Each structure stands twice: as structure tokens, then as C-alpha cells.
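Structure record follows, encoded as C-alpha cells.
Note that these values count all heavy atoms, side chains included, but never hydrogens, waters or copies made by symmetry. Letters A, B, ... are given to chains in the order of the sequence lines, protein chains preceding strands, and every chain is numbered from 1. All figures in this text were calculated on a predicted structure; none of them were measured in a lab.
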Amino acid sequence: MSDFSCRGICSGVNFASITDDRFKRGRLGATLIVPLSHETAAANALLSYVLTRSCKKYPDFTALNRKLDSLYGAALYPSVRQLGDCQALTVAVVGLDDRYALDEGSLSSELADLLCSIIFEPNMTDGLFSEEDVEQERRELIEGIDAEYNEKRAYSIKRCIEIMCKDELYSVGRVGSREEVEKVTREDVAHAWQSLLKNARVELTMLGNTAPDAAFDRFAGYFADKPRKPHLPRPENIVPGELKRVTETDDVVQSKLVMGLRYRIPETREDRMACSLMSVILGGTPSAKLFLNVREKQSLCYYCVSTVDNAKGIMLIDSGVETENIEKTEKAINEQIEIMKGGCITEDEFSAAKLALKNAYYSSLDSLAALQSYYISGVLYKDSMSPREAAALVDSISLERVLGACDTLRADTVYSLVGN
Amino acid sequence: MSFKKTENKRLGEEYYSLDHSSGLRMIVYPKKGFNSIYATMGTRFGSVYSHFVSGGRDIIVPDGTAHYLEHKLFESEDGDAFSKYAKTGASANAYTSFDQTCYLFSCTDNFEESLGILIDLIQSPYFTDETVAKEQGIISQEIKMYDDSPDWRVMMNLLQSMYHSHPINIDIAGTVETIAKITPQVLYDCYNSYYNLHNMVLVVVGGVDPEDVLRVVDEKIKPCAPVDTRVVFPDEPYGVVRSYTEQRLPVAVSQFELGFKERYPGDFASSRDLICTSMILSAFAGESSELYRRLYDEKLINSTFGTEYLEGPGYRAVLFSGESANSVLASEMMNDAVRKLHKNGISEEDLERARKVTYGKLVAGLDNNRSIASELVNGAFTGRELFESAEAVASVTAKDINKRISEQLDPDNCCLSVVKGIE
């Protein structure tokens with residue numbers, strides 16, 4: 001990626017940096033990527049949170065937070081995301097750039113030290129993480145899983161994916177299931193730590209005004225003699241069979257409709273871009289087909305949006321509607337899909353989608369979090385691009401290529417959550 | 001007309017402001033090297049402005065009108081603004097809060113065209129029976145979406161239990177029944193009273209030159225004479241309505257919001273007051289505080305726990321919110337801690353820690369165009385200058401903090417709102 005300066009530390013371990021004086025803060029992150037599996041997903045996720053609770057140097061939640069406070073409210077962000085059939089675990093530290101400290105001292109080197117302590121020198125006794133840390137983070141993770149049910153839009157999307165990809169790795173989910181999290185032992189968490197540091201694909205990112213050499217040396221010192229060649233599986237193309245239709249009921253005021261579709265997983269950067277354009281044209285903006293026809297013309301809903309996961313070849317369309325309008329809305333959405341597949345994409349629609357996508361790529365250059373997230377979402381592609389390269393590629397995509405992607409679009413699952 | 005520059009050397013930042021001859025206040029905050037530009041045009045008119053006197057007429061509008069007007073302003077006689085923005089690539093949106101309505105876009109290209117669209121949309125109201133009716137279905141679904149949201153319900157239930165008569169106790173979007181009463185005339189009444197340029201501000205943040213903004217404003221803006229509009233708020237007693245409220249929703253984790261109502265002194269808080277409150281909340285309930293640790297050890301909160309200061313015309317309150325397996329016990333512990341806070345104050349060590357955290361957060365906010373714009377809009381409507389906060393953090397003393405504590409967090413004037421699962 002041209003905006004990023006990338007250096008390999010050893011096989012399977014990369015260090016990417018952007019040195020940029022526009023930002024008031026710096027962001028240093030370590031991302032460990034492994035295949036998703038029912039056996040390890042929950043322990044890996046739990047580990048990410050346990051690691052950021054304490055470390056050998058600050059062996060207690062309050063001590064660690066007081067240290068972060070002293071670094072002008074620096075923050076540790078553990079996060080777990082899904083990249084196709086892989087799980088990506090990130091621990092990032094974000095803090096003020098040296099120029100803005102009110103006192104002497106190098107904040108950036110302290111932040112790098114802290115991240116290294118968190119990852120390499122955790123708070124372990126006799127090879128195990130403290131029971132309290134594991135139990136508190138288990139509670140936190142389970143409450144997080146339970147809370148997904150609180151927000152019915154996100155919950156309905158999750159249910160649609162579970163039904164659609166029932167027997168596929170993809171449905172393991174980012175952090176595994178509630179039951180899997182409950183079963184994780186302290187030994188499992190310790191094993192996850194050892195195994196991840198030894199076997200995972202590692203992507204280190206450093207963004208901000210600080211020269212990256214010192215941080216590079218710190219990480220190289222640890223990883224240089226630990227090459228690895230993780231096998232990271234890629235999802236296979238699945239052609240949907242008979243439409244799966246699941247309706248569940250609950251005490252909700254508004255019913256939810258989520259439609260899951262599959263399309264051929266794009267193999268090249270051009271095809272990935274064509275699939276993204278397909279989604280933006282259909283339901284990605286307030287000038288998209290779904291917004292104009294389902295919301296504005298028929299007043300059926302407040303939102304009707306499409307999103308795609310190009311790593312998996314899945315499109316999700318979701319809306320919140322009156323129970324009596326579910327069928328009508330589904331029909332209206334299907335009409336728009338068919339119109340698009342039939343080649344009816346106007347020049348205005350096509351150019352609006354391109355402009356919207358370019359705007360999103362260029363905007364990501366102005367945010368440390370967006371840059372880091374964008375970089376990680378591309379690391380599994382052999383031909384990944386920087387945001388600037390992606391924006392430049394948008395214009396070269398032909399309508400035929402987008403229609404080619406649309407041609408492969410097939411309905412798989414319709415999920416409805418209906419008010420009692 | 002020329003811009004006035006305001007700068008802060010410590011932060012290396014500056015912005016430019018101008019009272020345009022049309023009546024519009026303009027603020028431009030250039031961010032050198034940034035690709036994106038965030039522009040927002042806001043009016044001091046939100047859901048609480050439901051009763052006002054304008055041009056000698058006493059006007060009371062149905063609940064949800066300000067938000068309805070926000071939706072309808074996107075439509076003008078020559079089409080809707082979204083399809084115009086589609087031609088420039090800008091990402092556009094709008095929001096209505098309790099005390100303001102803002103129309104915004106962010107772009108990385110075609111800035112001047114997009115700004116023209118924004119100014120036109122504000123100045124081309126077009127409401128007919130037909131266009132107003134069309135929005136009923138859409139906004140009804142927005143309202144119902146919020147009816148199912150525990151985050152939203154727990155807050156609105158709290159406000160209804162804290163405020164007797166101030167319209168902050170009414171849902172911003174109204175109800176399906178109240179919005180059915182909105183007519184084109186109601187929307188024009190609000191528009192004419194509050195979408196006057198003298199009541200509005202334009203803020204632009206990002207990779208932009210102030211002169212480019214001024215050129216578009218000069219060309220596009222239609223000057224208007226000031227209008228005499230005065231909001232009417234009913235008398236609001238100091239005490240809360242009730243100390244506990246509960247709603248059952250299909251949730252797996254209970255949510256709570258604990259609110260401490262304050263006396264409204266008749267004006268907006270100063271930057272220094274707000275900084276004192278931020279520092280108090282950081283020292284008292286931040287992740288490194290004793291209170292947080294106690295609540296966490298007792299498994300009464302998780303990382304969703306947070307604090308907020310709610311402040312606007314006629315209302316001020318400190319809010320604590322989160323998820324909890326036992327909200328009542330969590331609330332009792334917080335209340336006990338508040339009593340101790342009033343007795344013992346904040347230690348010197350905690351104060352210094354809070355100073356660093358608060359300063360860090362302020363500086364971090366300057367990396368984000370949207371958060372700068374939002375602060376500048378608030379500042380324009382409340383008379384607070386953006387960089388005052390950073391200077392206040394550096395100079396606030398223990399005496400300031402203790403005085404501020406005495407004005408807020410009254411443990412005898414609070415309310416707990418809980419959303420629980422259906423049994």
C-alpha cells in the first residue's frame with residue numbers, strides 16, 4: 001500500500017507505518033490473525049480483553065488505568081473482528097503526540113513500551129492469567145453477547161447470518177457463542193496467548209507523527225526469530241439452494257426484515273470494487289435505489305440499506321417496517337434488485353455511486369482509526385490497495401463489470417423479527 | 001467584511017469567524033493537509049422550542065415538529081437535496097436535538113457546489129399537504145425504531161421522571177399521534193420564526209480556505225431581516241418528579257441511567273464550569289476511580305458505564321449510564337459515593353490525574369472535523385469560545401472544583417431509570 005510504508009520483520013510478521021504530522025495523536029496497534037474455529041474463537045477473544053486489563057508492570061486494573069491517565073488519558077483498545085473465515089484480534093494504544101504534552105518526556109516511547117508490556121509481559125502466575133481478570137472479562141464478554149439482543153436491528157442481522165451460514169465457519173462469529181465463552185478455562189486462555197504469538201499472522205501498525213524505527217526495533221527484537229506460515233482459509237463460493245425463510249416473534253413495536261444474498265466472491269481488486277459499487281448503487285446512500293423507491297416513494301420505512309462483505313460474497317439488506325408491510329417491503333426490495341440485475345443502472349446512479357465511494361476512501365485518510373481498520377481489512381488480499389489507490393481505481397470500473405457482479409447475486413435467506 | 005482570527009499557540013490551531021452582513025454567523029476552521037471538509041449549518045431550534053412568541057403571535061406546535069421540519073427541508077420545489085448532493089459526491093445528513101437542528105455534509109471534492117446545495121436547502125422551504133403527508137409513514141417508522149431501543153427509552157424515561165413541565169421531557173421525534181397533527185402552516189411558522197439567518201451559524205472544518213467559503217456565501221445567501229422570536233418555557237421546579245422509573249422491554253441485559261438534576265441559573269454554563277464538571281466526573285467515576293473499581297469488583301457495571309453532562313436552555317443534569325445486573329444496588333453505591341464526594345471533595349492527586357485526562361481528551365477531539373464542528377456550533381449558540389477549554393484545564397484549581405461540586409450532584413435530587421427484560 002503506497003500510503004503505508006511496509007517492512008517485513010520475518011515470515012508472517014509485518015510492520016506498516018505512516019508518519020504524518022497532521023494528527024494530534026498516535027496509534028500503535030498489533031493485530032493477530034488466525035483461522036476461525038469453534039474450538040479457539042472464544043478463548044482468543046477472551047484473551048484480547050484479559051491482556052488489556054493488566055500486565056506484569058501494572059498488575060491491576062486500577063494501576064494500569066492510572067498509568068494511562070498519566071499519559072494524558074491514553075487508551076487501550078482491544079477489538080476482535082472477522083475477516084472472512086479468519087479472526088483478527090487487535091490491541092491498539094492511542095495517545096497524544098509528544099508535541100502536545102504539558103510536561104517533559106516522550107509519550108510515544110512510553111506508549112510503545114506499554115503496548116509491548118501488554119502483549120509480551122502479561123500478568124501471569126504459574127503460567128496462568130489471574131482468575132479475577134479472566135472471570136471479569138468473561139462476564140464482560142457474555143454481557144456483550146447478551147446485549148446484542150437488546151438492539152433489535154443488529155440482532156436481526158446477526159440472526160440472518162447465523163441462519164444463512166449455519167454450517168459454515170463464518171457463523172462461528174467474531175467471539176464465538178455464549179456457550180463457548182462460558183466453557184473457556186484459564187488454561188485455554190494461556191494456551192491461546194502462547195499459540196497466537198507463535199502461529200498467528202501478525203500485522204503491526206504505527207500511525208502518527210513519531211518516527212517508527214524505535215517501535216519497529218522493539219517488535220523485531222521479539223518476532224525476528226519467530227517466523228511462521230499460518231494457513232489462513234478463504235471462504236468458498238456457495239450457490240444458494242432453496243430460499244430459507246425464518247420468521248421469529250418478539251415483543252417489539254417495529255418488525256425487522258433482513259434479506260441475505262450471496263454473490264461470487266471477487267478475486268481481483270477490480271471485481272471487489274465492482275461488488276462494492278453494486279451495493280452502493282442498490283442501497284448504500286440516500287440516492288440509492290432502495291432509499292428512493294422503498295423509503296421515499298412508498299414511505300414503507302425509515303431505513304433500507306444494503307451492505308456487502310467481499311471476503312465472503314454476502315450482501316445483507318435490512319429494514320425496519322410495520323408487520324403488515326413486511327411482504328410489501330420484501331417485494332419492493334426484490335423489484336429493485338431485479339431492476340438492477342436487468343441492467344437498469346442510469347448514468348447518474350453509476351456516477352453518484354462512484355463519487356460516494358471515492359469520498360469514503362479519501363475521507364479515511366483523515367482518521368487514524370479508519371486508516372488502521374482499512375489496512376487490516378485488506379491484509380488478506382494479495383493485491384490490496386491504499387485508500388488513494390482504491391479511489392483512483394473506482395473511476396476505471398466499467399458498468400459491465402458491475403453488471404457481471406449483479407448477475408451472480410442470488411437470494412439465500414429472508415429473516416423477519418415480527419412484533420407479537 | 002473580514003474574518004477575525006482566533007488562535008491557540010499551545011495547540012497550534014486557529015479558526016476564523018465572521019458575522020456576515022446577511023445575519024449569518026460564519027466560522028471556518030482550516031485543517032492543513034486534510035482531504036475532507038465537514039460543513040454544518042445549524043439553527044438554535046430543537047424539540048424543546050415547542051412554544052414561542054413570534055411577531056406578536058403565540059405559537060404552540062405539536063410534539064416532534066422540529067424534527068419533522070428537518071426531514072421536510074430536504075425537499076424543495078425543484079427536487080430533493082439528496083439527489084443534488086449525489087452529483088457532487090458529498091455525504092449529507094441532518095439531525096435534530098433538544099436544542100438545535102443541524103444540516104451537514106462531508107466531502108473531499110466539489111466543496112463549493114456542495115456548500116451551495118446546503119445553503120439553498122436551508123433557504124428553499126417547500127411544504128405542501130402532499131409532501132407533508134408523505135413523510136408520516138417514514139417518521140412513524142423512525143419513532144417505532146426508537147420505541148424498541150433500550151438506550152433511547154432509558155434516557156427518555158429518565159427525563160420524564162426528572163422534569164415536571166420543561167419540554168425536555170418530550171421525545172424529540174414526538175409520537176405517531178402528534179406528528180399526524182403537523183401541517184404545512186405549522187412548519188412555515190417554525191421556519192419563519194427560527195430559520196432566520198440571525199439565529200443560525202455556518203461552520204466549516206477541514207481542508208478549506210476561509211475566503212472560498214465566504215465567496216460561496218456571498219453568492220448564495222439571501223439576506224433576511226431579524227425576526228423577533230422568544231421561546232416560552234413553563235416554570236420548572238427544582239425537584240425531580242419521581243426517584244425511580246422502570247420499563248420492561250425484550251432485553252437480555254438491564255440498562256440504567258441515573259440522573260442528578262441541577263438548578264438552572266438562567267444561562268448557559270461557562271467553558272470553565274464545563275471543564276470543572278468533566279474533571280469531577282473523570283476523577284469521581286472514570287476507569288481509574290475508586291467508585292468505578294468498587295462497582296466493577298461487585299460486578300455491577302461493565303465497560304459500557306459512562307457519564308455525561310446534559311445542558312441546554314432550561315435544563316442541566318449529570319447522567320451516569322450503563323448496563324447492570326442490579327441497577328438499584330449500583331445506584332445506591334453511586335449515591336453513597338456522591339455523598340462522600342460532597343463531604344471530602346477531590347484529592348490533589350485525583351485532581352491532577354483528571355487534569356491530564358481532560359486535557360488529553362480535548363486535544364484528541366481536534367483530530368476529528370465533526371467533533372470540532374459540533375463544539376463550534378455549540379459555542380456559537382452558548383457564547384463559549386472553543387480554545388477557552390484548553391486554557392481552563394490548565395488553570396482550574398481545587399477551589400474551583402469544590403465550588404462546582406457544591407452546585408451539582410445533589411444526592412437528594414436524583415432519579416434512577418431502568419429498562420429490564422420481560423419476565
For chain B, which of A:Leu71, A:Leu355, A:Ile145, A:Leu365 has the most heavy-atom pairs under 4.5 Å? A:Leu355
Nearest-0.5 Å distance that lies between atom CD1 in B:Ile301 and atom CD in A:Glu140: 9.0 Å
Partners of A:Asp348 by salt bridge (charged side-chain N to carboxylate O under 4.0 Å, His left out), sequence neighbours excluded? B:Lys87
Heavy-atom contact with chain A under 4.5 Å, split by part of B:Asn368: neither
Under 4.5 Å from any heavy atom of chain B - which part of A:Tyr155: neither
Given the ring of A:Tyr72, does B:Arg355 sit roughly above its face, with NZ or CZ under 6.0 Å from the centre of the six-membered ring and within 45° of the axis? no
Non-hydrogen atoms of chain A under 4.5 Å away: do they reach the side chain of B:Glu352, the backbone, both or neither? neither
Please classify the contact of B:Gln136 with chain A as side chain, backbone, both or neither, using a heavy-atom distance under 4.5 Å. neither
Okay, B:Ile138 and chain A: the region with an atom under 4.5 Å from a heavy atom over there is both
In terms of heavy-atom proximity below 4.5 Å to chain A, should B:Glu323 be classed as side chain, backbone, both, or neither? side chain
Turns out that what part of B:Asn93 lies under 4.5 Å from chain A's heavy atoms comes down to neither
Which region of B:Ala90, side chain (C-beta onward) or backbone (N, CA, C, O), has a non-hydrogen atom less than 4.5 Å from a non-hydrogen atom of chain A, or is it both or neither? backbone
Region of B:Tyr292 that comes under 4.5 Å of a non-hydrogen atom in chain A: side chain
Counterpart residues, salt bridge (charged side-chain N to carboxylate O under 4.0 Å, His left out), relative to A:Arg27 (two or more places apart): none
Turns out that what part of B:Ser282 lies under 4.5 Å from chain A's heavy atoms comes down to neither
Student check: side-chain heavy atoms of A:Tyr302 and B:Lys144 closer than 4.5 Å: no
Cation-aromatic face contact A:Arg22/B:Phe34, 6.0 Å, 45 degrees: yes
Residue B:Arg10 versus chain A: region with a heavy atom under 4.5 Å: both
